[in-house]
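Report on the structure given below.
All ligand and atom numbering here is 1-based and tracks the order in the structure.
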Amino acid sequence: MSVLIRGARLYGEGDPVDVLVADGLISAIGSVEPPEDAEVIDAAGQVLLPGFVDLHTHLREPGREDAETIETGSAAAALGGYTAVFAMANTDPVADNAVVVEHVWRRGRETGLVDVHPVGAVTVGLNGEKLAELGTMAKSAAGVRMFSDDGHCVADPLIMRRALEYSTALNAVIAQHAEEPRLTVGAQAHEGEIASRLGYAGWPASAEESIVARDCLLAQHAGARLHVCHVSTAGTVDVLRWAKNRQGPGFISAEVTPHHLLLTDERLATYDPVNKVNPPLRTGGDAARLRAALAEGVIDCVATDHAPHPVQDKDCEWAAAKPGMLGLQTALSVVTETMVATGLLDWRGVARVMSERPAEIAGLPDQGRPLVTGEPANLVLVDPDAAWTVRGAELASLAANTPYEGMRLPGVVTLTLLRGRITAREGKIG
Ligand code: DOR
Ligand code: ZN
């Protein structure tokens with residue numbers, strides 16, 4: 001079985017070409033006559049990119065299968081153009097041991113819509129006190145190479161130092177949710193003018209920036225790789241620029257979420273907890289700096305922080321609501337709106353921030369590869385001129401907590417291929 005993608009523009013550049021996919025690989029590029037068994041896809045006017053890689057997804061299984069399962073989350077990923085996702089460890093039980101990471105990895109394989117790479121917890125139970133068995137998780141069938149207590153900060157500098165030191169022997173990366181917990185006790189929203197006016201307890205930018213600065217220094221001392229999750233402030237961009245200059249390439253990387261690129265704390269005025277997220281939505285000035293930093297490469301990549309929550313955890317008063325928003329199916333469109341439509345990135349740049357850099361950071365050899373003959377056919381086809389209206393109820397996730405409800409967004413994923421197999425097509429699975 002082969003697939004012939006007809007008339008797509010690779011990275012949105014140059015003349016349209018045909019791309020033949022057979023045996024899981026890109027087998028020909030140019031003007032190609034369809035083999036007899038080929039499924040032919042008309043891709044006129046569309047952009048072909050390497051499949052997206054999400055370093056930050058909450059799939060909720062095991063434990064909160066009322067919010068999302070590996071199956072529904074994988075479907076959302078495939079529909080969003082992803083061919084690999086990293087499943088965060090804050091499940092129940094926590095993915096802090098080989099049994100749980102192997103379970104997640106195996107369920108991902110069985111589902112087969114996207115490569116599911118479990119992230120291992122840094123500390124036992126995510127409680128920040130005792131290092132989890134990173135080595136056992138690395139050596140397990142899941143081959144864990146990214147560790148994070150995401151949802152919680154590894155706040156103790158000695159534990160963070162030990163985790164960074166240990167990770168070097170495992171060729172792993174520590175992904176930090178940067179939030180100094182002593183500065184965010186009771187915090188409900190970005191500490192600023194809007195939160196004070198509305199009476200929300202504040203989450204100051206410095207709670208993120210101080211941890212990022214500390215961790216960059218610790219990583220440098222350990223010669224380790226640090227990945228900064230969901231950068232949300234202009235000050236963190238300054239810290240990252242300083243640290244990257246000081247340390248040279250390959251040690252420090254950072255991600256930004258689509259929602260921090262587009263949405264701001266003006267959303268607080270809605271009082272709608274769909275807008276509650278951690279770190280919180282920041283100011284318009286922060287968002288502008290994040291967009292510029294992503295274009296420039298100070299922030300390496302986009303990661304969704306896809307965080308499904310069932311209706312009872314979101315449809316309540318702000319203070320009681322859980323933080324987090326859906327992201328997998330809307331990421332490409334939000335990046336199109338904030339980065340492509342504004343001229344900050346071209347499609348080659350989108351491939352860099354949504355596929356190539358995340359694959360490099362996570363050390364995936366078969367993702368984010370160049371679109372040339374002989375490479376694995378992990379691909380996404382995007383219609384750059386189409387637009388769609390987001391409806392939470394129609395998304396593949398079990399939960400519906402999208403902050404983009406009713407918004408019309410540009411950029412539509414029309415086809416996703418995982419190792420040559422169609423995983424999503426025209427908004428449907430398979
Ligand atoms: O908004 C968030 N939701 N931020 C996190 O760090 C955790 C996540 C979740 O698990 O819901
Ligand atoms: Zn987080």
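Between the R145 side chain and the A138 main chain, a donor and an acceptor come within less than 3.5 Å of each other. When atom types are taken as modelled, the side chain of N401 and the backbone of H309 share a donor-acceptor pair closer than 3.5 angstrom. Checking side-chain atoms of D265 against main-chain N and O of A189 turns up no donor-acceptor pair under 3.5 Å.
With hydrogens and angles left out, the side-chain atoms of H56 and D150 include a donor and acceptor closer than 3.5 Å.
Of all heavy-atom pairs between V104 and P62, the closest is CG2-CD, 4.0 Å. Looking at every heavy atom in both residues, Q367 comes nearest to D115 through NE2-OD2, 3.3 Å.
For residues 250-269, there are no ring-ring contact (aromatic ring centres under 6.0 Å, His included) pairs, not counting sequence neighbours. Residue pairs that meet the ring-ring contact (aromatic ring centres under 6.0 Å, His included) test with at least one member in residues 90-117, sequence neighbours left out, are F86-H117.
Looking at residues two or more places apart in sequence or on another chain, you find no ring pair (Phe, Tyr, Trp, His ring centres under 6.0 Å) involving Y404.
Looking from atom 5 (C) of ligand 1 to the surrounding protein, the closest heavy atom is N278 O, 3.6 Å. In terms of protein heavy-atom proximity, atom 3 (N) of ligand 1 is closest to P323 O, 3.1 Å. Among all non-hydrogen protein atoms, the one lying nearest atom 9 (C) of ligand 1 is R60 NH2, 3.4 Å. Ranking the protein heavy atoms by distance from atom 8 (C) of ligand 1 puts H58 NE2, 3.7 Å first.
Counting only protein atoms, the N, O or S atoms lying less than 2.8 Å from the Zn ion (ligand 2) are D150 OD1, H177 ND1, H230 NE2, ordered by chain and residue number.
Checked for salt-bridge contact, R64 and D313 meet the test: a charged N lies under 4.0 Å from a carboxylate O.
Residue contacts with ligand 1: K322 is excluded, as none of its non-hydrogen atoms falls under 4.0 Å. The shell of residues lying under 4.0 angstrom from ligand 1, judged by heavy atoms, excludes R64. At least one heavy atom of H309 sits less than 4.0 Å from an atom of ligand 1.
Near G324, meaning under 4.0 Å from one of its heavy atoms, ligand 1 places the atoms 1 (O), 2 (C), 3 (N). Within the listing of ligand 1, atoms 1 (O) sit less than 4.0 angstrom from a heavy atom of V277.
In this structure, CZ in R352 is found 10.0 Å from CD in E360, a value given to the nearest 0.5 Å.
Heavy atoms from other residues, nucleotides or ligands lying under 6.0 Å from CD of E133 number 12 at most.
Proximity of A307 to ligand 1, defined as any heavy-atom pair under 4.0 Å, is confined to the side chain (atoms from C-beta onward). Under 4.0 angstrom from ligand 1, the non-hydrogen atoms of H177 all belong to its side chain. When heavy-atom distances to ligand 1 are checked against a 4.0 Å cut-off, E179 has no atom that comes that close, whether in backbone or side chain.
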